[in-house]
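To start, the structure under review is shown below, and the notes come after it.
This one's a predicted model, so the numbers in the text were calculated from it and none came from an experiment.
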Amino acid sequence: MIRDHMDDILKCTRCGRCRALCPVNEELGWESTNARGRMLLARALAEGVPPSEAMRTSFYTCLSCAMCTATCPSGAKPDEVVEAARREMVAAGMAPPYYGMVRDNILTTGNPLGERGSRTAWAPAGAKGRSDLIFFAGCLLSYREQKAAQTTFRLLSRFGAKLLEDEQCCGSPLLRLGGEPVTLEHNLKQIRQSGAKTIVTSCAGCFKTLSEAVPDVEVLHVTQFLARKIDDLGLRQLPIKVSYHDPCHLGRCMNVYEEPRTIISKICELREMATSRQDARCCGGGGGVRRGYHDMALAIAGKRLREAPADVDYIVTACPMCNANLGAAGGKVIDICELIELALEPQERVP
Amino acid sequence: MIIEELREIVGHDRVSDDPAELYCYSFDSSYIRGNADYVVRPQTAEEVSRIIKVAAAHHVPIVPRGSASGLTGGSVPVKGGIVIDMGSMNRILEVEVDNLQVLIEPGVIHRALNNELMKRGFFFPPDPGSSDMCTVGGLIANGGSGMHSVKYGTVKDYVLALEVVLPDGEIINTGCKAPKTSSGYDLTRLFVGSEGTLGIITKARLKIHPLPETKAILVATFGRIEDAGRTAVTVLSSGVVPAAMEIMDGSAIDAVQKIDPSLGLPDVEAMLLFEVDGYREAVARQVEKICEICERFGGRAVVAKNKNEEERLWAARRLVGVAITRLNPGKVRVYEAEDIGVPIKQVPFMLKKIQEIGKRHGLPLVTYGHIGDGNLHTGIAIDLKNPDEWKRVHAIKDEIYEAVLELGGTVPAEHGIGVIRGSLMSKAHGGGYEVMKAIKKAIDPDDIMNPGKMGM
């Protein structure tokens with residue numbers, strides 16, 4: 001219930017700092033579509049004002065980039081309040097139409113994309129099975145970025161990684177949109193059966209969600225796992241320059257900043273973007289915005305791309321959502337595992 | 001229909017009368033609330049002019065608004081009407097470094113302006129703690145200043161010229177591009193600090209300053225808050241002109257630590273934060289002198305180790321006002337009696353007085369501010385749902401204001417009057433307030449410009 005968040009809502013002194021830093025505010029400009037306005041409308045909801053169309057736009061244009069939470073001088077957490085407000089909108093039947101579509105897709109196909117084909121069509125034979133180390137591939141890699149899936153799995157296989165017998169959506173898309181993670185129980189059961197001690201994800205959204213939801217198992221992002229194994233990877237130096245985009249759910253939300261940089265610096269020259277680490281601007285695709293407000297997602301991605309130094313060969317990302325959105329806006333983007341693969345001896349690469 | 005007329009001017013997607021949108025425009029950072037009838041987001045002075053003509057024709061209030069980071073209800077539509085959100089007019093139009101000036105639209109965020117100027121080796125010195133969020137237009141309309149005003153002055157010292165839309169829709173220009181003028185009444189300064197009650201600023205030409213060669217930040221700690229006050233007064237009378245001289249009491253230091261624990265500030269009753277800038281030799285000399293004076297009053301001064309520490313100290317200081325909310329779980333900072341100015345010599349007395357008043361009412365007051373220009377801020381955090389605590393807040397405010405006016409001081413020093421201090425105007429200005437009202441009547445006879453503000 002949004003009322004349970006009232007203390008957090010009241011922490012907001014409406015100083016406007018989040019408003020100035022909210023990427024959506026730059027695009028839309030209305031008070032209702034920035035972090036401070038969302039806190040106000042959450043307050044209105046909690047005070048009993050009925051959900052409305054404008055509230056829907058307000059809450060569902062949030063990127064869940066957590067810039068507001070990271071910078072709030074009062075210590076309020078607008079990103080969590082927005083998720084609670086979205087749950088209220090779902091309960092009131094006021095969620096946007098794509099919420100229902102995502103939910104139906106997940107219920108019927110196990111992924112938000114509605115893909116009915118095999119989730120592991122990209123995987124080599126014998127990829128599934130019991131192991132201490134499980135690669136949770138995620139929906140985007142499984143269906144949209146299959147080359148990255150192969151590359152990542154091949155790297156992890158060196159350390160004995162397997163796939164779950166029947167992986168389904170991690171739950172992030174529904175949680176972010178205000179729903180319940182309907183596939184979580186299924187995945188937890190799979191994880192228990194796999195004997196996993198460590199789960200590695202490649203997607204920042206899966207990483208955040210599973211880190212919060214899976215008990216008694218170490219959940220790592222692939223950059224964390226591979227940074228630990230950096231000396232075993234056999235990386236060559238490449239004569240290229242790259243920049244690195246910090247995914248919000250990996251950086252600001254989970255504080256993983258160093259490991260991707262450790263890996264990249266081992267391979268080539270890293271030049272930071274104009275904003276980086278906790279100050280990094282969002283790619284524009286998070287929080288369901290890429291699905292619901294595609295043009296705005298691309299406009300924000302365009303701004304992010306302009307923050308990269310002009311002379312870099314690639315912008316490296318560590319999240320398939322960031323990869324897709326920055327790529328759609330015209331960026332020369334590469335997944336960090338694909339960069340690693342470029343640095344491997346040719347015989348080590350995915351054929 | 002007013003909504004149709006507004007749409008005609010700015011287009012459908014820049015006007016709203018949606019209740020949820022209006023709700024968001026019913027607040028600023030104070031506890032004052034209002035109810036707007038319409039919100040409109042113009043992009044040019046001509047659009048502002050046409051909107052005002054609509055308001056005048058319908059006798060509807062006009063409430064200009066920047067970032068609504070104000071602390072007084074100044075941009076809250078307490079009498080309804082049309083809120084004009086100036087955020088879309090946020091361009092930096094000309095940077096003329098040779099003429100030491102810049103031409104801006106009012107919606108530009110203060111930090112964005114300085115980021116742009118710094119690329120060229122310049123800066124706009126008035127720097128409020130709200131630099132990250134406030135608009136320069138709001139800063140001008142409130143007659144604001146900030147941490148560097150002890151050396152560099154307040155915003156009114158930097159406004160060369162303004163473009164203003166009057167309450168009948170006429171667009172006028174005040175001032176000129178020359179660095180000084182003695183031509184006629186100073187209309188520019190009339191609009192600075194007028195809080196949107198006389199017209200809407202649509203362009204501002206501002207003086208800018210070259211960045212100093214170097215600067216140094218000193219942190220001086222004291223066992224007794226009045227010793228910090230005496231140190232500050234002595235530093236100023238010694239001939240040192242610090243670029244900034246800030247005071248924080250023990251609880252403000254706690255709040256700063258909450259923002260950035262790695263600063264490792266000591267647990268003391270008071271702290272002074274000095275900045276000195278200029279040529280290297282002069283900075284070194286001033287640092288020496290300040291250290292000597294701090295020691296004389298039992299303080300201990302340390303120079304910030306590097307640029308990173310300097311920046312972190314300032315960042316934490318800028319946000320201390322809001323961070324007071326973090327000191328006690330369940331309590332939220334409210335803005336009342338938060339901005340006072342007293343003669344510099346009376347600062348130590350006032351610091352002690354503030355502590356006494358807070359103690360007597362059983363609400364601890366966090367004190368910090370720009371001690372170098374006699375400007376103190378007090379912060380109170382309360383349980384917003386407790387009416388007794390609200391009552392005590394108002395009693396504290398009355399006593400602090402009374403003490404300030406007795407000392408020949410000012411309420412406020414930089415945050416403006418808005419709604420919350422309107423009732424003080426007559427007492428503070430006497431016959432002068434009647435002149436202000438006459439000016440208001442002459443320029444805005446129908447009282448459509450931001451009504452209910454400045455006690456009018």
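- Heavy-atom pairs under 4.5 Å with chain B peak, among A:Ala76, A:Cys12, A:Gly16, at A:Gly16.
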From CA spacing to verdict: side-chain contact (heavy atoms from CB on, under 4.5 Å), A:Arg277, A:Glu272
CA-CA 9 Å; A:Arg277 298 175 190 264; A:Glu272 293 288 356; 4.2 Å; yes
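- With A:Thr33 contributing its side chain and A:Trp30 its backbone, the two residues share a donor-acceptor pair below 3.5 Å.
- Side-chain contact, B:Ser88 with B:Gln43: no donor N or O sits under 3.5 Å from an acceptor N or O.
- The stretch residues 308-315 of chain B places none of its residues near chain A, where near means some heavy atom under 4.5 Å from a heavy atom of that chain.
- Chain A forms more heavy-atom pairs under 4.5 Å with one residue of B:Ala323, B:Gly87, B:Ser130, B:Ala68 than with any other, namely B:Ala68.
- Side chains of A:Ser74 and B:Arg326: no donor on one and acceptor on the other come within 3.5 Å.
- Note: B:Ile253 CD1 to B:Leu263 CG = 11.5 Å, rounded to the nearest 0.5 Å.
- The backbone N or O of A:Ala280 lies less than 3.5 Å from no partner atom in the side chain of A:Asp246, so there is not a single donor-acceptor pair.
- Around atom CZ of A:Arg43, more than 12 heavy atoms belonging to other residues, nucleotides or ligands sit under 6.0 Å away.
- With no hydrogens or angles considered, a side-chain donor-acceptor pair links B:Tyr31 and B:Glu336 at under 3.5 Å.
- Taking chain A as the reference chain and counting heavy-atom pairs below 4.5 Å, the highest number among B:Gly70, B:Ser30, B:Cys134, B:Gly330 is found for B:Ser30.
- For the residue pair B:Ser131 and B:His110, a side-chain donor N or O sits within less than 3.5 Å of a side-chain acceptor on the partner.
- There is no contact between A:Leu45 and chain B, counting heavy-atom distances below 4.5 Å.
- For the 3.5 Å distance criterion, the side chains of A:Glu47 and B:Tyr23 qualify, holding a donor opposite an acceptor.
- When heavy atoms are compared at a cutoff of 4.5 Å, B:Asn90 does not approach chain A at all.
- Atom CE of A:Met254 is separated from atom NZ of A:Lys208 by 8.0 Å, given to the nearest 0.5 angstrom.
- Applying side chain to side chain donor-acceptor pair (under 3.5 Å) to A:Glu83 and the options A:His5, A:Arg176, A:Lys77 leaves one that passes, A:Arg176.
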For this session: Check the pair B:Met147, B:Glu246 against side-chain contact (heavy atoms from CB on, under 4.5 Å), reporting the backbone distance first and the verdict last.
Result: CA-CA 7 Å; B:Met147 288 174 276; B:Glu246 297 287 303; 3.5 Å; yes
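- In this pair, B:His377 and B:Tyr368 present their aromatic rings tilted. The plane angle is within the 30 to 60° band.
- Contacts of B:Val332 with chain A are made by side-chain atoms alone, with heavy-atom separations under 4.5 Å and no backbone atom involved.
- Heavy-atom distances place the backbone of A:Cys72, and not its side chain, under 4.5 Å from chain B.
- Identified by a heavy-atom distance below 4.5 Å to chain A, the contributing residues of residues 32-40 of chain B are B:Arg33, B:Val39, in residue-number order.
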Can you give each donor-acceptor pair under 3.5 Å made by side-chain atoms of residues 57-65 of chain A, sequence neighbours left out, with the distance rounded to 0.1 Å?
from    : atom 1 : to       : atom 2 : distance (Å)
A:Thr57 : OG1    : A:Glu53  : O      : 3.3
A:Ser58 : OG     : A:Ser32  : O      : 2.7
A:Tyr60 : OH     : A:Arg86  : O      : 3.4
A:Tyr60 : OH     : A:Leu177 : O      : 2.7
A:Thr61 : OG1    : A:Arg38  : NH2    : 3.0
A:Thr61 : OG1    : A:Thr57  : O      : 2.7
A:Thr61 : OG1    : A:Ser58  : O      : 3.0
A:Ser64 : OG     : A:His249 : NE2    : 3.3

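- Side-chain contact annotation: B:Tyr25 with B:Asp85, donor-acceptor N/O pair under 3.5 Å present.
- No more than 12 heavy atoms of other residues, nucleotides or ligands sit less than 6.0 Å from atom CD of A:Glu180.
- The contact between A:Arg19 and chain B is made entirely by side chain atoms (from C-beta outward), counting heavy-atom distances below 4.5 Å.
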For this session: Take B:Val256 and B:Leu265 through the test side-chain contact (heavy atoms from CB on, under 4.5 Å) and record every step on the way to the result.
Result: CA-CA 9 Å; B:Val256 167; B:Leu265 298 175; 3.6 Å; yes
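- For chain A, the nearby part of B:Arg65 is the side chain; its heavy atoms alone come within less than 4.5 Å.
- A heavy-atom distance below 4.5 Å is not found between the side chains of A:Val242 and A:Arg271.
- Contacts between B:Ile259 and chain A at a heavy-atom distance below 4.5 Å are absent for every atom of the residue.
- Of residues 9-21 of chain B, those residues lying under 4.5 Å from chain A by any heavy-atom pair are B:Asp13, B:Arg14, B:Val15, B:Ser16, B:Asp18, B:Ala20, B:Glu21.
- Counting heavy-atom pairs under 4.5 Å between each of A:Gly37, A:Ala20, A:Ser52, A:Ala44 and chain B puts A:Ala44 at the top.
- Neither the backbone nor the side chain of B:Lys258 comes within contact range of chain A; no heavy atom of the residue lies under 4.5 Å from a heavy atom of that chain.
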